[in-house]
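Note that the coordinates shown come from a computational prediction; the quantities given were computed from them, not determined experimentally.
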Amino acid sequence: MGTHLGKILEQVIRMERIGISELSRKLKVSRRTIYNWFEQDNLNIQIILEVGEVIGHDFTSSLPESIIKSNGHFFNNNEEHSESNIEADNNSVFFWMNKYVRLLEKYNELLSIMSKNSMSHP
């Protein structure tokens, strides 16, 4: 059986005694999202690292060596990352979600325009 990353994340969060509500506000995600993360076997390493940054925890001591080796590009050369690279890493988790939301907003706007046009032309 493999390593359950969600359970590791949950254990660390509980150990650090940070409330789920506070963490969700800091990460700008819902509480439900955090609870869903706890259930995932193969949680995205970027999420784990972002949580670690928010709560001030270095996950290299909590994760198995195999996970750290297979995701070495996230753990190595931390001092070489500029602030903009760190910001890009943190925001990449939300990239597709934001893109999807913008697409839905444009779609709804087009539907609204089409609806108005069809009402003005009987």
Side-chain angles (χ1 to χ4, degrees):
M1 185 171 167
T3 304
H4 194 293
L5 296 179
K7 295 294 180 203
I8 293 172
L9 180 68
E10 181 178 15
Q11 288 171 348
V12 168
I13 289 171
R14 305 264 187 229
M15 181 183 70
E16 294 290 332
R17 298 186 189 273
I18 184 167
I20 301 300
S21 295
E22 180 183 354
L23 183 60
S24 70
R25 277 192 305 276
K26 289 181 177 184
L27 292 170
K28 297 181 175 95
V29 298
S30 70
R31 293 177 69 232
R32 181 75 256 158
T33 296
I34 294 173
Y35 286 115
N36 287 340
W37 290 343
F38 294 164
E39 300 301 318
Q40 292 183 26
D41 290 338
N42 296 317
L43 187 61
N44 186 322
I45 198 71
Q46 288 179 303
I47 293 171
I48 294 171
L49 294 177
E50 185 170 352
V51 170
E53 186 175 317
V54 167
I55 67 174
H57 181 83
D58 181 7
F59 273 93
T60 55
S61 61
S62 305
L63 296 172
E65 181 94 14
S66 61
I67 300 292
I68 294 171
K69 282 183 180 177
S70 64
N71 294 283
H73 56 285
F74 290 113
F75 293 99
N76 294 333
N77 302 320
N78 285 336
E79 63 278 351
E80 292 180 14
H81 279 101
S82 67
E83 278 188 37
S84 62
N85 286 342
I86 291 171
E87 186 71 24
D89 286 346
N90 289 339
N91 290 331
S92 65
V93 173
F94 303 104
F95 173 78
W96 289 108
M97 179 183 70
N98 290 332
K99 190 171 186 79
Y100 179 71
V101 168
R102 284 192 303 271
L103 211 58
L104 282 176
E105 288 170 349
K106 286 181 181 179
Y107 177 74
N108 285 334
E109 192 177 307
L110 283 173
L111 284 177
S112 176
I113 291 169
M114 290 174 62
S115 175
K116 288 177 186 175
N117 285 343
S118 67
M119 293 175 114
S120 65
H121 294 81

Checklist outcome for this item: Rounded to the nearest 0.5 angstrom, the OH-CD distance for Tyr35 and Glu10 is 8.5 Å
Next on the checklist: Are the side chains of Ile20 and Ile13 in contact, using a 4.5 Å heavy-atom criterion?
Outcome noted: yes
Checklist outcome for this item: What one should report as the nearest heavy-atom pair of Arg14 and Phe38 is NH2-CE1, 3.9 Å
Item to check | Closest non-hydrogen atom pair, Gln46 against Asn44 | outcome: N-OD1, 2.7 Å
Checklist entry - When Ile, Leu, Val, Met, Phe, Trp and Tyr are grouped by side-chain heavy atoms lying under 4.5 Å apart, directly or through other members, which residues fall in the same group as Leu111? => result Tyr107
Checklist entry - Yes or no on side chain to side chain contact (heavy atoms under 4.5 Å, CB included) for Ile45 and Ile48, after CA distance, side-chain angles and deciding distance? => result CA-CA 5 Å; Ile45 198 71; Ile48 294 171; 4.2 Å; yes
Item to check | Pairing residues for Ser21 by the side chain to side chain contact (heavy atoms under 4.5 Å, CB included) criterion, not counting sequence neighbours | outcome: Arg25, Arg31
Checklist entry - In Å and rounded to the nearest 0.5 Å, what is the CG to CD1 distance from Leu5 to Ile47? => result 10.5 Å
Next on the checklist: What I'd like to find out is whether the side chain of Glu39 reaches to under 4.5 Å of the side chain of Lys7, using heavy atoms alone.
Outcome noted: yes
Item to check | Rounded distance [0.5 Å steps], CD in Glu109 versus CG in Leu104 | outcome: 12.5 Å
Checklist entry - Near Arg32 CZ, under 6.0 Å, is it more than 12 heavy atoms from other residues, nucleotides or ligands? => result yes
Checklist entry - Taking all atoms of both residues into account, what is the closest heavy-atom pair of Ser24 and Ser30, and its distance? => result CB-C, 3.9 Å
Checklist entry - When rounded to the nearest 0.5 angstrom, what distance separates CD1 in Ile113 from CG in Asn108? => result 11.0 Å
Item to check | Side chain to side chain, Thr33 and Leu27, heavy atoms closer than 4.5 Å | outcome: no
